Student: 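First the structure, then my questions, so here it is.
Here the structure is a predicted model, which means the values were calculated and not measured. Lettering of chains follows the sequences in order, A, B, ..., and the numbering in each one begins at 1.
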Amino acid sequence: MLRARPTVVPIALLAALAAAATLLLSTLPVLGHEGEEEPAIALEPASVTAGGSVLVAGTGLVPDTDRVLVLAGGNITVDFGTVRTDAEGMFRAELAIPAHLPGGLYEIRCIGDETLVAELKVMPAAMGGMPTPEPSPTSGAAPSPGPTPATGGAVPSAAPTPKPEATGPRPRSTTELGVLAGLALLLALAGAVLVVRAERLRGATAG
Amino acid sequence: MATAGSVLRGAWGHRAWTAVDERLGLSGLAYPVPKHANRIGYILGGITFFGMLIRFGTGIWLAQFYHPVPEAARQSIAYIIGDAPLGDVIRGVHYWTANVVMVTVLLHLARVYWTGAYKRPREANWLIGLGLLATTLGLLFTGTVLKWDQEGYEALGHNLEMANLLGVFGFWFSADFAVEFPILGRLYMAHVVILPTAGTLLLIGHFLLVKRHGISALPADADRAVDGGPAPATGGSSFAAHLVRMAGFGLILLGAALAISLVLSAPLGPRPVPGIEETKPPWMFLPLYPLEDWFGLAALLWAPVAGFAALALVPFGDRSPYRSPRRRPIWIALGMLVVSLLGALLVYAMLTVPQAHIRDAM
């Protein structure tokens, strides 16, 4: 009598189930997340060392309109130029805070049909250590409702941009790269030798 | 039983091993190793262990330069990448090894499930293994937050939402638990102290139970014994050879991670902006992402809880003495169904555009 291999049926069944599940999942509605938003701007970080940079993001604004970005505090005003909102009324721009700015509380103003204001705390440049402190979102709170990312680029700044941040592979000399690549190869080869050697030991040293 | 002295061939090596073993009793750690235990499927746990050692070593190096406060965290990572001695390479090895370890943990789990190695008397070790899986996921999650980029910040947002969902039981995950101390600092402590300590204790238990029960026999051999055949062989190889092979794979893993790091650095995303969600989680959490889309944040808590609970119940549900996959068709089918669903969710999550979840809950 012929006997079907028991695993063949489950595999065929599983393949059909997986296909059905994928189809089902793709038809389920995704919860909506869009909603009417009040005009707002948000800063990241909310405090920065003079000479650093800060991201400003706006949302809920009139689409395809210009806004002027200004830093103001005491008798100091720094004009960062103009940004344009995208089709969804959002923008995002990086502002370079002048290194000579005295420490204290300032306002970032987004001026257009309405003026939106966000507070920025600036610390004197001399306070910076290694690595340069980069104040970030409030450590405790969850991200608050606010602007959505936009395609806004950098705006003209009144101060030199700080050293570019390293996020990719470090440039290396050929020698250094060769040494590291050689080390990687050596480790892999040593590992392969141990694997093979263990195979030879296996029969010789029954436990 | 053969010991490391078998590996250190020659009189000098043997004398050195004898001198060390006489004082430390290392040979007491050895246990019988059958031949099949040196196959790749049975050595995945050992590769995972050596991957953990690599992560431990590279993590110590990274900790010298990482600044676990919100004001400086991301900048210190940029410093590690750009300026710290070998910082980018060490971070790359740490990151890529963590990803490989996640894969080997899952494959190890799959092998144990496929071969029914969780069955009596190994139920407790299966549960400890699940604890190690949870620890590995915890390390990956906290490591993601520590980057303090947009992805990490959004991960932290989810962490805080978990605190809300858990109510009083989620106090540790809440920022209100220690208002004077940034939660980033506590997650860092979890990453470098709490989770590694828990993982080490679980590993010790895991190894002790492997020593106690021995390496599980091949399913066919175990089934023959159930049917009245001969008992499966417990030897055939040696503990030393087993260790050497694990170490060999560990070195290959280290070399591969180093080579990859020279080409692909560990990612660091843009600086976080509060109030937006534009990233997806790392791949090991990605299957949860569509569930969060469809069922809200609660799915992020209850889906893993249900998954771990189901896995924990496996040894107590599958009570048949047989271990061969073809003699456990229902359990194999269930396992493959779960894997297929996870795969489908993963692909779906990769193809969909990012959705905001946290803002919905607020």
Student: Taking the side chain as everything from C-beta on, heavy atoms only, tell me whether A/Leu180 gets closer than 4.5 Å to B/Leu86.
Tutor: yes

Student: Looking at B/Arg271 and A/Pro45, what are the two nearest heavy atoms and their distance?
Tutor: NH1-CD, 3.6 Å

Student: With sequence neighbours left out, what residues match A/Asp66 under salt bridge (Lys or Arg N to Asp or Glu O under 4.0 Å)?
Tutor: A/Arg84

Student: Can you name the side chain to side chain contact (heavy atoms under 4.5 Å, CB included) partners of B/Tyr188, sequence neighbours left out?
Tutor: B/Ala63, B/Tyr66, B/Pro68, B/Leu146, B/Val192

Student: Quick check for you: to the nearest 0.5 Å, what is the distance between A/Leu194 atom CG and B/Leu243 atom CG?
Tutor: 11.0 Å

Student: To the nearest 0.5 Å, what is the distance between CG on B/Leu254 and CG on A/Leu187?
Tutor: 4.5 Å

Student: Taking side chain as everything from C-beta outward and backbone as N, CA, C, O, which of these in A/Val56 sits under 4.5 Å from a heavy atom of chain B? Side chain, backbone, both or neither.
Tutor: neither

Student: Output the option from B/Gly185, B/Ala84, B/Gly343, B/Pro290 having the highest count of non-hydrogen pairs under 4.5 Å with chain A.
Tutor: B/Ala84

Student: So for B/Ala259, is it side chain, backbone, both, or neither that comes closer than 4.5 Å to the heavy atoms of chain A?
Tutor: both

Student: Do the side chains of A/Arg92 and B/Glu278 get close enough for a salt bridge, i.e. N-O under 4.0 angstrom?
Tutor: yes

Student: Measure across B/Ala241 and A/Ala198 and return the closest heavy-atom pair with its distance rounded to 0.1 Å.
Tutor: O-CB, 3.3 Å

Student: Does any backbone or side-chain atom of A/Leu43 lie under 4.5 Å from a heavy atom of chain B? Answer side chain, backbone, both or neither.
Tutor: backbone

Student: Can you list everything that forms a salt bridge (Lys or Arg N to Asp or Glu O under 4.0 Å) with B/Arg186? Sequence neighbours excluded, please.
Tutor: none

Student: For B/Val339, which atoms come within 4.5 Å of any heavy atom of chain A: side chain, backbone, both, or neither?
Tutor: neither

Student: Select one option (side chain, backbone, both, neither) describing which atoms of B/Ile80 are under 4.5 Å from chain A's heavy atoms.
Tutor: backbone

Student: For chain A, find which of B/Asn164, B/Leu258, B/Asp88 contributes the most heavy-atom pairs closer than 4.5 angstrom.
Tutor: B/Asp88

Student: Could you tell me whether A/Glu107 atom CD has more than 12 heavy atoms of other residues or ligands within 6.0 Å of it?
Tutor: yes

Student: Write out, in numerical order, the residues from residues 171-179 of chain A with a heavy atom short of 4.5 Å from a heavy atom in chain B.
Tutor: A/Arg172, A/Leu177

Student: Step through the shown structure and confirm whether more than 12 heavy atoms of other residues, nucleotides or ligands are within 6.0 Å of CZ on B/Phe173.
Tutor: no

